[in-house]
Amino acid sequence: MSQTVRTRFAPSPTGYMHLGNLRTALYTYLMARKNGGAFILRVEDTDQEREVAGGIEMIYKSLRLAGLTYDEGPDVGGPVGPYIQSQRKDLYAPYAWELVEKGAAYPCFCTKEQLDARRAAAEAKGETWKYDKHCLHIPAAEAKARVAAGEAYVIRQNVPTTGKASFDDLLYGHVEVDCDTLDDNVLIKADGLPTYNFANVIDDHLMRISHVMRGNEYLSSAPKYSLLYQAFGWEQPLYMHLTPVMKDATRKLSKRKGDPSFEDLLDMGYLTEAVINFMALLGWSPGTEQEFFTLAELEQAFDPAGLSKSPSVFDMVKLNWFNGEYIHKLPFDTYFAHAKPWLEKVLDPARFDLRRLAEMLQSRTDVFNQLPDMVSFLAEMPAYDSALYTHKKMKTDPQVALAAIDVALPVLEGLSDWSEAALHDALMAAIAASGMKNGQVLWPVRIAITGRESTPGGAIEMAYLIGKPESVARLKAARARLTAELS
RNA sequence: GCCUCCAUGGUCAAGCGGUUAAGACGUCGCCCUCUCAAGGCGAAAUCAGGGGUUCGAUUCCCCUUGGAGGUGCCA
């Protein structure tokens, strides 16, 4: 069969790309790639009021960052363009008039104000508002004359008052509704532009889209679109309605509530590959135990049968784990290149061995934006509580800490080679001579020079990074403080 | 209100009439260890409720409940 798979991602340029949209784009892209088909970008900008400046560029940028390359689109061209709906403005009306000729649509002269009033009145009485087909009964000749005379009008779909409308979804199966629950929706607005309801049908047909993958919010209006296809005598594409990505059980992810967009995540220090991997598995299962996928692997593995029918909650904790896994596996130089800017926010590269620090940090990094807080103590001794000296397992308390510092301080003061190896040998020898246990000395020393309960390395590594003068100074300060507190 | 859809642990989820109901994140415990991570081992935790159908329901049907979406000259 020469049935070519052609999918489309059709966002509105209303701002940043939120994660639900990104996932829809990803699945749509994967469906095309898996089947050797074409992935098309179409911009749906028929609502001039909601359009955001630069919105189209944001779409391009997000898709590029995500690696979802499209075969046809506004900026790459293609055989069925233009790919921006506002640039297709003039081609919709003739199709609408064709429907009028066929009796499947009709011009309507009711003003927005009139309709709002009638709708409000109906709602006040607790009734369901539906357009009453008032203008359907205007004789065709009269309607044409009024249009020709320049009167404002819209074109409405003429939905049958009886019978059923239905369509088949690859995930949800047969979806059917009674026509009398459907409204005569506007197809062409007073400004001459089509509504989504109409444009999606025309464009999907003209662009020869084979599989329509879109958000769940269109599931209940899809039967209505099938009426349009039938009126035109066009073959319908196959549908897959995708579930939303949730913040919790009842709320979608939303920028307004402070939830991050895809680009926000990248700015925070998440890796593109990790986000893609995580998003792919949020609402889709490969049916195997495999959990790590590159984009290329997803292109092979994707199967719509694994798509979920219920919404998925976006779990930032699991994303962190995925991101950590990707970070830990990075070649060190790549890791260092990513980490360096974050470290330099709080550390002077001339003063610290950032490379060595990064080696210690890699297995401890889940998200790059955690780094500054993890290392800021190196630049400046933080305030800390002497209770940190007390550690049951290490068998230490302030008393022991003081003794430990007395063991370590002279050794460190006398050390000329401030390498980790020299530090290690000198300290271990002194500890052995003192009769104390390693932990009893090293724990307090580490607390004394870092002020932190946990650090990216042990006492020796931290002392090395901090440097001799500062390490000695911090130990002396700690000794003075402990002496004062214990007396 | 009406219409459509959905429903397995805290979260992502496998399952598609017979299973000890996978796996992952997280949580907890143990090991390793100069802290924390990383790594290794182990544990707890799920079929929303009620009716059917069936020899047998997580699985099929109905109802209830809960949730989502739609009900715009927004997409």
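Keep in mind the model is a prediction, meaning the values are calculated, not measured. In what follows, chains are A, B, ... by sequence order, proteins preceding strands, each numbered from 1.
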Taking atom NE2 as the centre, does A/His134 end up with more than 12 heavy-atom neighbours from other residues, nucleotides or ligands that are less than 6.0 angstrom away?
no
Please confirm whether A/Tyr70 and A/Phe9 have ring centers closer than 6.0 angstrom.
no
Using the P atom in both, what is the distance from B/G49 to B/U11, to the nearest Å?
15 Å
Aromatic contact between A/Tyr27 and A/His211, with the criterion being ring centroids under 6.0 Å apart: yes or no?
no
With P as the reference atom in both, quote the distance from B/C30 to B/C6 in angstrom, rounded to an integer.
46 Å
Between B/U35, B/A14, B/A75, which nucleotide has the shortest distance from any of its atoms to the side chain of A/Trp443?
B/U35
Once you measure the plane-to-plane angle for A/Phe314 and A/Phe278, does it fall in the parallel (<30°), tilted (30-60°) or perpendicular (>60°) bin?
perpendicular
Can you figure out which of B/A24, B/A75, B/G39 approaches the side chain of A/Arg50 most closely?
B/A75
A/Glu420 CD - B/C34 P separation (whole Å):
15 Å
Using whole Å, report how far CZ of A/Arg23 lies from C1' of B/A13.
13 Å
Please report, rounded to the nearest Å, how far the P atom of B/U35 is from the CG atom of A/Leu465.
17 Å
Does A/Thr288 reach a base, just sugar-phosphate, or nothing at all? Heavy atoms under 4.0 Å.
nothing
Between B/C2 and B/U58, how far is it from one P atom to the other, in whole Å?
32 Å
A/Tyr218 OH - B/G72 P separation (whole Å)
15 Å
Donor-acceptor pair under 3.5 Å, A/Lys318 side chain vs B/A24 base:
yes
Nearest to the side chain of A/Asp315, which nucleotide is it out of B/A24, B/A75, B/U11?
B/U11
A/Thr128 side-chain proximity, nearest of B/G1, B/U11, B/G39:
B/G1
When the C1' atoms of B/A48 and B/C25 are considered, how many whole Å apart are they?
24 Å
If you check the A/Ser285 side chain, which of B/A75, B/A13, B/C6 turns out closest?
B/A13
Do the side chain of A/Gln236 and the main chain of A/Tyr225 share a donor and acceptor less than 3.5 angstrom apart?
no
So what does A/Val177 hit on the nucleic acid, given a heavy-atom distance under 4.0 Å: a base, only sugar-phosphate, or nothing?
sugar-phosphate
Rounding to the closest angstrom, what is the interatomic distance between B/G29 and B/U19 at atom P?
35 Å
Is the phosphate of B/C73 approached by A/Arg119 (side-chain N or O, under 4.0 Å from OP1 or OP2)?
yes
Could you tell me if the ring centre of A/Tyr218 sits under 6.0 Å from that of A/Tyr239?
no
Answer with base, sugar-phosphate or nothing: what part of the nucleic acid does A/Cys110 contact at a heavy-atom distance below 4.0 Å?
base
Roughly, in whole Å, what's the span from CG in A/Leu219 to P in B/G69?
13 Å
Using a 3.5 Å distance criterion without hydrogens, assess whether the side chain of A/Ser308 forms a donor-acceptor pair with backbone atoms of A/Ser310.
yes
How would you label the contact of A/Met374 with the nucleic acid (heavy atoms, under 4.0 Å): base, sugar-phosphate, or nothing?
nothing
Closest approach to the side chain of A/Val175, judged atom by atom: which nucleotide of B/C5, B/C74, B/A68 is it?
B/C5
Assign A/Glu51 to base, sugar-phosphate, or nothing according to its heavy-atom contacts below 4.0 angstrom with the strands shown.
nothing
Kindly indicate whether the side chain of A/Lys393 and the base of B/U33 share any N or O donor-acceptor pair separated by less than 3.5 Å?
yes
Pair A/Tyr335 + A/Phe368: ring centers closer than 6.0 Å
yes
More 5' along RNA chain B: A/Ala305 or A/Trp321, using each one's nearest nucleotide?
A/Ala305
Please tell me which of A/Glu461 and A/Ser308 maps to the more 5' nucleotide of RNA chain B, matching each residue to the nucleotide holding its nearest heavy atom.
A/Ser308
I need the CD-C1' distance between A/Gln290 and B/A13, as an integer number of Å.
15 Å
OP1, OP2 of B/A37 versus side-chain N and O of A/Ser454: anything below 4.0 Å?
no
Minimum-distance nucleotide to A/Asp47 side chain [options: B/U4, B/C74, B/U35]
B/C74
Checking only heavy atoms, does the side chain of A/Ser310 share a donor-acceptor pair with the base of B/A7 at less than 3.5 Å?
no
Mind calculating the distance between CZ (A/Phe278) and P (B/G26) to the nearest angstrom?
12 Å
Residue matched to B/U53 through Watson-Crick or wobble contacts both under 3.5 angstrom:
none
Just to be sure I understand the rule, does A/Ser166 reach a base, reach only the sugar-phosphate, or reach nothing, if contact means heavy atoms closer than 4.0 Å?
nothing
Taking any heavy-atom pair under 4.0 Å as a contact, classify A/Ile460: base, sugar-phosphate, or nothing.
base
How is A/Gly283 classified with respect to the nucleic acid when contacts are heavy atoms under 4.0 Å: base, sugar-phosphate, or nothing?
sugar-phosphate
Taking any strand in view, what nucleotide pairs with B/A48 in a Watson-Crick or G-U wobble way, both distances under 3.5 Å?
B/U64
Check the angle between the aromatic planes of A/Trp129 and A/Tyr131 and answer parallel, tilted or perpendicular using the 30° and 60° thresholds.
perpendicular
Between B/U27 and B/U64 - C1' atom distance, rounded Å:
34 Å
If pairing requires Watson-Crick or G-U wobble contacts with both distances under 3.5 Å, which nucleotide is the partner of B/A38?
none
Assign A/Lys309 to base, sugar-phosphate, or nothing according to its heavy-atom contacts below 4.0 angstrom with the strands shown.
sugar-phosphate
Within the structure shown, what part of the strands sits under 4.0 Å from A/Phe322 by heavy-atom distance: base, sugar-phosphate, or nothing?
nothing
Side chain of A/Ala459: nearest nucleotide among B/C34, B/A38, B/C6?
B/C34
Mind checking if A/Ala249 touches a base, just sugar-phosphate, or nothing, with heavy atoms under 4.0 Å?
sugar-phosphate
Describe the nucleic acid contact of A/Gln440 in one word from base, sugar-phosphate, nothing, applying a heavy-atom distance below 4.0 Å.
nothing
Aromatic rings A/Trp443 and A/His391: how do their planes relate, parallel, tilted or perpendicular, breaks at 30° and 60°?
tilted
What's the closest nucleotide to the A/Ser312 side chain, out of B/C12, B/A75, B/G26?
B/C12
Taking any heavy-atom pair under 4.0 Å as a contact, classify A/Arg452: base, sugar-phosphate, or nothing.
nothing
If I pick the P atom on B/A14 and the same atom on B/C34, what distance separates them, to the nearest angstrom?
44 Å
Spacing between A/Phe314 atom CZ and B/C25 atom C1', to the nearest angstrom
13 Å
So which nucleotide does B/G10 pair with, by the Watson-Crick or G-U wobble rule with both distances under 3.5 Å?
B/C25
Looking across every strand, which nucleic acid part, if any, lies under 4.0 Å from A/Thr455 by heavy atom: base, sugar-phosphate, or nothing?
base
Distance between C1' atoms of B/A13 and B/A45 (Å, rounded):
15 Å
